[in-house]
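Following: one structure in structure tokens, then a few remarks.
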Amino acid sequence: MIIAVDGPAASGKGTIAKALARHYGLPHLDTGLLYRAVGIAVLEAGGDPASPDDALEAAHHLSSALDDPGLKSEAAGKAASLVSAHPGVRAALLDRQKHFANQPGGAVLDGRDIGTVIAPHADAKLFVTASADVRAQRRHDELGRMGLDIHYDAVLNDIRARDERDSARSAAPLRMADDAVLLDTSALSIDAAIAAAIALVEDRPFSAAND
Ligand code: C5P
């Protein structure tokens with residue numbers, strides 16, 4: 001079974017995707033890490049993430065390690081959102097993601113374009129969202145736990161800018177697939193959001209035929 005989990009930054013999609021992978025015993029790929037790795041590689045090379053040439057160079061020489069804690073930083077997230085707008089970068093990362101999705105037994109992938117581009121044939125597609133305020137609050141709390149004292153308004157502005165860039169770009173914009181189901185986590189605890197996600201996967205149309 002292939003499960004596609006898409007949605008904006010800090011919507012809870014990563015936590016939900018990980019929990020679904022555990023629940024169904026499937027491998028999981030956080031595709032945001034690929035774009036973050038490209039973004040960080042550009043910065044480390046002294047390049048500009050907004051430059052298609054710099055970003056493509058980094059995408060073509062991407063190391064396979066995605067466990068660097070630096071990938072979770074705000075700087076990596078911002079650079080990722082800039083490099084991910086270049087169609088060449090998306091093309092360079094396409095095969096790796098499709099290969100992961102189509103492995104025998106299935107997989108769970110989370111990102112922005114899993115249900116629309118990477119795995120349009122996925123058995124279950126969730127579009128996880130939450131209000132910008134709730135997402136900014138979550139990100140603010142997370143940064144606080146990491147010891148970073150960043151003003152809430154700055155986090156909210158960053159979330160809004162990222163939403164705008166991810167939705168407005170012409171290459172694989174953030175968009176809910178026509179056959180995806182919406183899961184709004186604004187008023188849900190983590191456990192409730194995970195339970196709701198599992199229920200939606202279980203209830204998906206034609207589930208018996210897909211198993
Ligand atoms: O999900 P995460 O916040 O780690 O993603 C970082 C950035 O990478 C996003 O803001 C988005 O621009 C980009 N991204 C993407 N397509 C994906 C996953 C992430 O464009 N499938």
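Only a predicted model underlies this, so the values are computations on that prediction, with no experimental measurement involved. Each ligand, and each atom within it, is numbered from 1 in the order the structure gives.
Taking atom 7 (C) of ligand 1 as the reference point, the nearest protein heavy-atom neighbour is A80 CB, 3.6 Å. For atom 8 (O) of ligand 1, the closest heavy atom belonging to the protein is Y35 CB, 3.6 Å. Closest to atom 18 (C) of ligand 1, if we only count protein heavy atoms, is T31 OG1, 3.4 Å. When hydrogens are left out, the protein atom nearest atom 16 (N) of ligand 1 is R90 NH2, 3.0 Å; that is the closest non-hydrogen contact. The protein heavy atom nearest to atom 12 (O) of ligand 1 is D166 OD1, 2.6 Å. The protein non-hydrogen atom at the shortest distance from atom 9 (C) of ligand 1 is R112 NH2, 3.3 Å.
R138 places no side-chain N or O within donor-acceptor distance of the main-chain N or O of D141, the cut-off being under 3.5 Å. S186 places a side-chain N or O within 3.5 Å of a backbone atom of S131 that can act as its donor or acceptor partner. The closest donor-acceptor contact from the side chain of S11 to the backbone of G7 lies at 3.5 Å or more, if one exists at all. Side chain of D6 to main chain of R112: a donor-acceptor pair is present (N/O by atom type, distance under 3.5 Å, no hydrogens or angles).
With K125 as the partner, the side chain to side chain donor-acceptor pair (under 3.5 Å) test is satisfied by one option alone out of D179, T116, D178: D179.
Those atoms of ligand 1 that come under 4.0 Å of a heavy atom in K13, given as number and element, are 1 (O).
Only the side chain of R169 comes within 4.0 Å of ligand 1, counting heavy atoms alone; its backbone N, CA, C and O stay farther away. Under 4.0 Å from ligand 1, the heavy atoms of S84 that appear belong solely to its side chain. Heavy atoms of R36 found under 4.0 angstrom from ligand 1 belong exclusively to the side chain.
H23 NE2: more than 12 foreign heavy atoms inside a 6.0 Å radius. Applying the 6.0 Å contact sphere to CD1 of I190 captures no more than 12 heavy atoms from other residues, nucleotides or ligands.
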